[in-house]
Amino acid sequence: MLEKLTASTVRVAKATLLGTMLALLATIVVFVAVGPARRVPQASSPVLPQEADAGLQGFSFTQSKGGLVDWKIQARLAQLFEADATAMLHDSVQVTLMGADGVTMTVTGDEGSINTASKDFVISKRSGNLALILNGGFTIYTPRIRWDNQALRMWTDEPVRITGPRLEVTGQGMDAFPASREMRVRRNVRVGIH
């Protein structure tokens with residue numbers, strides 16, 4: 001009888017051990033499955049590509065002559081590439097051109113770049129058009145605009161629409177010289193007078 005009791009006790013012990021192991025395994029599976037939902041999310045921070053020499057939040061670059069600001073470009077994020085003398089600009093890129101009489105033009109885009117040596121820049125929208133607001137009551141709509149700092153020329157090869165007091169001009173490509181307040185639409189020009 002002692003042998004039967006020992007054999008049945010061993011079976012009960014094995015069954016108890018097997019049940020405990022299954023319960024522990026089930027607990028681990030539940031913990032792993034539900035665990036990520038209980039974890040504290042990491043704070044979100046912008047990720048800049050590794051190949052950039054530096055990344056900046058709150059980028060600002062100003063061009064001035066004779067102590068007066070000619071133009072200023074700002075962006076929430078920038079990636080600096082020293083070898084190329086370039087800054088890639090992201091998120092709320094804003095350009096302000098200044099004249100002797102104050103602000104001449106402002107424009108805000110989604111992305112852009114600036115050559116920090118030549119001081120030429122590009123600003124664009126991912127979708128839709130930029131709205132270049134000029135102080136004379138005119139607005140230029142185009143998806144991308146470039147600045148040639150040597151020639152003090154703003155230009156684009158993209159479609160443009162210029163609106164102003166009782167006037168609308170559309171066409172393809174544009175050259176603008178803010179200092180002389182001269183604008184030229186290159187081709188497919190249509191003028192509407194209201």
Side-chain angles (χ1 to χ4, degrees), residues 41-64 69-99 102-164 167-179 181 183-190:
Q42 291 183 339
S44 174
S45 63
V47 177
L48 297 174
Q50 296 299 324
E51 63 269 4
D53 295 310
L56 297 173
Q57 290 185 2
F59 176 84
S60 182
F61 191 96
T62 303
Q63 165 70 28
S64 59
V69 174
D70 282 340
W71 54 264
K72 181 159 92 171
I73 190 167
Q74 299 172 297
R76 256 190 218 148
L77 299 172
Q79 301 164 264
L80 302 175
F81 299 88
E82 289 181 28
D84 300 331
T86 302
M88 300 303 294
L89 309 174
H90 308 280
D91 200 11
S92 296
V93 180
Q94 183 177 40
V95 173
T96 305
L97 291 177
M98 309 294 250
V103 174
T104 304
M105 183 212 76
T106 59
V107 61
T108 301
D110 298 321
E111 55 196 11
S113 65
I114 182 169
N115 181 308
T116 56
S118 69
K119 299 179 181 68
D120 297 341
F121 61 78
V122 178
I123 184 172
S124 63
K125 290 280 272 184
R126 286 187 204 100
S127 64
N129 286 322
L130 298 167
L132 290 80
I133 301 166
L134 306 172
N135 68 351
F138 289 91
T139 303
I140 303 168
Y141 299 96
T142 188
R144 174 179 292 122
I145 197 81
R146 299 174 182 274
W147 173 256
D148 179 341
N149 197 56
Q150 184 69 31
L152 301 176
R153 172 181 76 123
M154 188 161 285
W155 61 279
T156 186
D157 292 327
E158 306 284 336
V160 295
R161 181 169 64 98
I162 303 167
T163 62
L167 177 72
E168 182 173 13
V169 179
T170 60
Q172 184 74 33
M174 179 199 68
D175 296 287
F177 300 88
R181 296 183 179 188
M183 263 186 268
R184 180 177 51 236
V185 178
R186 296 184 196 150
R187 58 190 173 279
N188 302 331
V189 179
R190 292 187 179 183

Nearest 0.5 angstrom please: [X] [atom1] to [Y] [atom2], how far?
| X | Y | atom1 | atom2 | value |
| --- | --- | --- | --- | --- |
| L80 | T116 | CG | OG1 | 7.5 Å |
| L132 | Y141 | CG | OH | 10.0 Å |
| W155 | I145 | CH2 | CD1 | 9.0 Å |
| Q94 | I123 | CD | CD1 | 8.0 Å |

Taking the side chain as every heavy atom from C-beta outward, state whether [X] and [Y] have any atom pair closer than 4.5 Å.
| X | Y | value |
| --- | --- | --- |
| N129 | R161 | no |
| S60 | K72 | yes |
| D70 | K119 | no |
| V169 | M183 | no |
| V93 | F121 | no |
| T142 | M174 | no |
| L77 | Q57 | yes |
| W147 | L97 | yes |

Heavy atoms only: give me the nearest [X]-[Y] pair and the separation to one decimal.
| X | Y | answer |
| --- | --- | --- |
| L89 | A75 | CB-CB, 3.9 Å |
| F138 | G164 | CD2-CA, 3.5 Å |
| P159 | P143 | O-CD, 3.7 Å |
| S113 | T86 | CB-CG2, 4.5 Å |
| T139 | A131 | CG2-CB, 4.1 Å |
| G171 | V185 | CA-CG1, 3.7 Å |

I'd like to know whether D157 forms a salt bridge (Lys or Arg N to Asp or Glu O under 4.0 Å) with R186, so could you lay out the CA-CA distance, the side-chain angles of the two residues, the decisive distance to 0.1 Å, and finally the verdict. CA-CA 9 Å; D157 292 327; R186 296 184 196 150; 2.4 Å; yes

Please confirm whether the backbone N or O of V160 pairs with a side-chain atom of Q172, one donor and one acceptor, at under 3.5 Å? no

Output, in order, the C-alpha distance, side-chain angles, deciding distance and verdict of salt bridge (Lys or Arg N to Asp or Glu O under 4.0 Å) for D120 and R146. CA-CA 7 Å; D120 297 341; R146 299 174 182 274; over 6 Å; no

Specify whether W71 and F61 have parallel, tilted or perpendicular ring planes, treating 30° as the upper limit for parallel and 60° as the lower limit for perpendicular. parallel

